[in-house]
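Notes to accompany the following structure.
Values below: every heavy atom of this structure, side chains too, minus hydrogens, waters and symmetry copies. Note that the structure is predicted; figures quoted are calculated from it, not measured.
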Amino acid sequence: QHYAVKTIENIAAHGGDWAHKFSSQETVGSLVAIMSGAKSEQLRGTAASTLARCARFSPAVLNLVLDKYGIKLLVNGLRDTSPKVQQASLNLLNRGLVDLGARARAALAAEDKSSLLPTLVSLLERGSAVLRGKALLTLASLFRLHNRWLLAACGTRLLSLVDRLQKDREQYLQRCLEALVSTVVATVPRLNDSILREVDRLLISGGRTGSRESKRAGGADATRPETPGGGVSPLALFPALVHLLGSHVLRPRLCDERFLTQCALYIARAEGPSFPGAAEFRGGVLALLETLS
């Protein structure tokens, strides 16, 4: 069985018409079954690598994997004892985040962050340089996908690991780390703008929105993480700024003139009229200033 799978892997590695012929639904199903259930670590690794290679040349393969088996298959692959299965799962996940259409990206955005994030962080702690680099790229793609991933990541050991990984001399790892850092640095100004717009919206509403929400939800306010539409309230993202500034790697990249100007606007809003969630917002501003000092 292993020789058969290895043969398909070699064919898939070269692409072309033959690789496409081996990317059928039946073949994908067999590869997934072997990757998930084979007792041999070597066989699981070869099957996962073959699946990733097929997906590289045939986007339909990745669509099939995500639609039929879900992200759970890839999360379980990241937890496999085989580094080859882990690497293939990261390749599939990264390709899905970058290449697929809106529907597939929405499915990834809806994935339970409590299962995926700890797994990625664990790879950063114990994986090889290649696995850690690919995990950093996955995190960067997730942060670009939705701010809720950045907020959730700030509650893990990620930022302390980022500071530690900066000392690693592996060139590939450093390039991947720079991709993550650049993504965060580019995200923060937009995050600040969205928070300020939300505060201005609440100020203009004159507290009417807060009163209605309090009646319907027993005192819910604008700083609760989930909004009625299922998204993340911009104000609920404010704690992420404090966490990011605590990173030795991110702090000097974030504290530019634009960031400090936005901090001044935060102070002005905090000292202004009250609005739903104002108390929590003021506490966040004080925490931000304390971190900056």
Side-chain angles (χ1 to χ4, degrees), residues 1-101 103-105 107-108 110-113 115-139 141-142 172-173 176:
Q1 189 179 39
H2 186 255
Y3 287 125
V5 176
K6 188 67 178 178
T7 300
I8 300 175
E9 180 188 24
N10 291 334
I11 294 172
H14 290 86
D17 292 338
W18 281 104
H20 184 73
K21 291 179 180 180
F22 279 101
S23 299
S24 66
Q25 183 172 343
E26 182 181 0
T27 302
V28 170
S30 298
L31 291 173
V32 169
I34 296 171
M35 168 185 170
S36 305
K39 293 183 179 180
S40 167
E41 180 177 306
Q42 188 177 17
L43 179 56
R44 291 198 312 274
T46 302
S49 174
T50 304
L51 190 62
R53 292 176 188 276
C54 289
R56 181 190 304 173
F57 294 104
S58 178
V61 170
L62 187 53
N63 273 311
L64 175 62
V65 170
L66 293 178
D67 288 344
K68 189 172 183 179
Y69 305 99
I71 301 299
K72 187 176 180 180
L73 171 71
L74 303 184
V75 175
N76 289 338
L78 297 179
R79 295 171 177 164
D80 199 282
T81 55
S82 166
K84 197 171 181 179
V85 174
Q86 293 174 330
Q87 182 171 331
S89 299
L90 283 170
N91 288 338
L92 287 165
L93 186 55
N94 286 336
R95 186 163 294 276
L97 285 165
V98 173
D99 293 345
L100 294 187
R103 183 174 62 85
R105 287 197 297 269
L108 289 166
E111 169 63 20
D112 182 9
K113 55 185 176 291
S115 62
L116 180 54
L117 276 178
T119 305
L120 290 171
V121 171
S122 178
L123 287 177
L124 291 179
E125 289 182 302
R126 297 188 293 271
S128 64
V130 172
L131 288 177
R132 284 182 289 165
K134 290 181 181 292
L136 289 170
L137 295 179
T138 303
L139 288 165
S141 295
L142 289 171
Y172 173 75
L173 182 59
C176 296

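- Shown here are the side chain to side chain contact (heavy atoms under 4.5 Å, CB included) partners of N76, two or more places apart in sequence or in another chain: K72, R79.
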Would C54 and V28 satisfy side chain to side chain contact (heavy atoms under 4.5 Å, CB included), going step by step from the backbone distance to the final call?
-> CA-CA 9 Å; C54 289; V28 170; 5.8 Å; no
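- Smallest separation of non-hydrogen atoms from A48 and A88: O-CB, 3.3 Å.
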Determine, step by step, whether L117 and L139 satisfy the side chain to side chain contact (heavy atoms under 4.5 Å, CB included) criterion, reporting the C-alpha distance in whole Å, the side-chain angles of both residues, the deciding distance to 0.1 Å, and the verdict.
-> CA-CA 8 Å; L117 276 178; L139 288 165; 3.6 Å; yes
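- The side chain to side chain donor-acceptor pair (under 3.5 Å) test with T46 is passed by exactly one of Q1, H2, K6: H2.
- Between L66 atom CG and L92 atom CG the span is 8.0 Å, to the nearest 0.5 Å.
- For the pair L74 and L78, the minimum side-chain heavy-atom distance is 4.5 Å or more.
- If you take CG on L173 and NZ on K134, they are separated by 12.0 Å, rounding to the nearest 0.5 Å.
- Between V98 and S141 there is a side-chain heavy-atom pair separated by less than 4.5 Å.
- Heavy-atom minimum distance, A135 versus L123: CB-CB, 4.3 Å.
- Side-chain contact, R126 with S122: a donor N or O sits under 3.5 Å from an acceptor N or O.
- Within 6.0 Å of the CD atom in E41, the count of heavy atoms belonging to other residues, nucleotides or ligands exceeds 12.
- Residues forming a salt bridge (Lys or Arg N to Asp or Glu O under 4.0 Å) with E125 (at least two apart in sequence, or on another chain): R157.
- Of the charged side-chain nitrogens involved, none lies within less than 4.0 Å of a carboxylate oxygen, so that R56 and E9 do not count as a salt-bridged pair.
- Residue G77 comes nearest to M35 through the heavy atom pair CA-CE, 4.4 Å, listed as atom of the first residue, atom of the second, then distance.
- Taking every heavy atom of both residues into account, G127 and R132 meet most closely at O-NE, 3.3 Å.
- Checking R44 against S40 by side-chain atom types alone, no donor-acceptor pair falls below 3.5 Å.
- For the residue pair S82 and G45, the shortest heavy atom distance occurs at OG-CA, 4.0 Å.
- Checked against side chain to side chain contact (heavy atoms under 4.5 Å, CB included), T138 has the following partners two or more places apart in sequence or in another chain: L90, L93, N94, L97, L120, L142.
- Here the OH-CG distance, from Y172 to L136, works out to 9.0 Å after rounding to the nearest 0.5 Å.
- Separation of atoms CG (L62) and OG (S23) is listed at 11.5 Å; rounding is to 0.5 Å.
- The closest side-chain donor-acceptor pair between T27 and S30, if any, does not fall under 3.5 angstrom.
- Contact between A47 and L31 at its shortest, heavy atoms only, is CB-O, 3.8 Å.
- Separation of atoms NZ (K84) and OG (S89) is listed at 12.5 Å; rounding is to 0.5 Å.
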